[in-house]
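Report on the structure given below.
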Amino acid sequence: DLLRYLRSTPTLDPSESCTKLNRATEWRDDMGVKERISSSTSHELLEREAGGVFGHAPLWLLPGTDKFGRPILYTRADCWNGEELLKLVPMHRFLDFMVWLMEGVMAVMGDYTNKHGEDAGEG
């Protein structure tokens, strides 16, 4: 994780990276991320047919990876229909789902970085 945060700073500043990582860790603890995602599936989190929800909030985890082996998550936020989405699922359940999805994507990214080291994502 620290390597990812180090790369996110323009000057590769270790102090700034640690601050970002600590803030992210605190947020995850405050939000109970680990508890929210520990045994949930997308259908449990959405409490409704996932296809209906995605019809109002298009979001795709594309098969395969980019040229660096990272997962591809694609969304068209300009196409989201919040009013219809909230008729299907409460916002807190949709946010739980988004946290669950992003944690999965980050895990895959972390696996890739651990496997390929420092040159992961550079090109």
Side-chain angles (χ1 to χ4, degrees):
D1 279 346
L2 183 56
L3 182 58
R4 185 167 20 118
Y5 282 89
L6 185 60
R7 287 192 183 121
S8 75
T9 61
T11 60
L12 301 176
D13 180 359
S15 177
E16 183 181 350
S17 300
C18 285
T19 299
K20 285 183 174 186
L21 179 58
N22 288 336
R23 276 196 249 155
T25 301
E26 287 174 16
W27 179 85
R28 292 175 76 211
D29 289 345
D30 290 347
M31 296 301 292
V33 169
K34 196 175 261 188
E35 295 78 19
R36 287 178 183 224
I37 65 167
S38 62
S39 64
S40 299
T41 66
S42 60
H43 291 284
E44 290 170 339
L45 289 170
L46 292 175
E47 298 178 335
R48 303 249 189 222
E49 164 89 27
V53 171
F54 289 127
H56 300 296
L59 178 73
W60 302 271
L61 186 56
L62 301 178
T65 58
D66 70 7
K67 68 180 184 176
F68 301 111
R70 300 171 300 200
I72 302 168
L73 182 64
Y74 178 77
T75 185
R76 289 276 319 264
D78 61 318
C79 294
W80 286 28
N81 183 336
E83 281 185 34
E84 294 301 316
L85 175 65
L86 292 177
K87 289 178 185 176
L88 294 173
V89 61
M91 182 55 72
H92 73 279
R93 299 311 271 168
F94 183 70
L95 293 176
D96 282 350
F97 171 75
M98 293 301 294
V99 167
W100 174 81
L101 180 65
M102 294 307 297
E103 287 292 308
V105 170
M106 288 181 356
V108 171
M109 289 174 67
D111 290 346
Y112 181 83
T113 299
N114 291 337
K115 182 177 178 183
H116 297 282
E118 288 186 26
D119 53 334
E122 293 179 4

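Sequence positions, counted from 1, serve as the residue numbers for this chain.
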Are any non-hydrogen side-chain atoms of [X] and [Y] less than 4.5 angstrom apart?
| X | Y | answer |
| --- | --- | --- |
| V99 | M31 | no |
| F94 | L86 | no |
| V89 | L85 | yes |

Residues E26, R23; criterion salt bridge (charged side-chain N to carboxylate O under 4.0 Å, His left out); working and verdict: CA-CA 5 Å; E26 287 174 16; R23 276 196 249 155; over 6 Å; no
State the [atom1]-[atom2] distance between [X] and [Y], to the nearest 0.5 angstrom.
| X | Y | atom1 | atom2 | result |
| --- | --- | --- | --- | --- |
| T75 | W80 | OG1 | CH2 | 5.0 Å |
| C18 | N22 | SG | CG | 6.5 Å |
| D13 | K20 | CG | NZ | 9.5 Å |

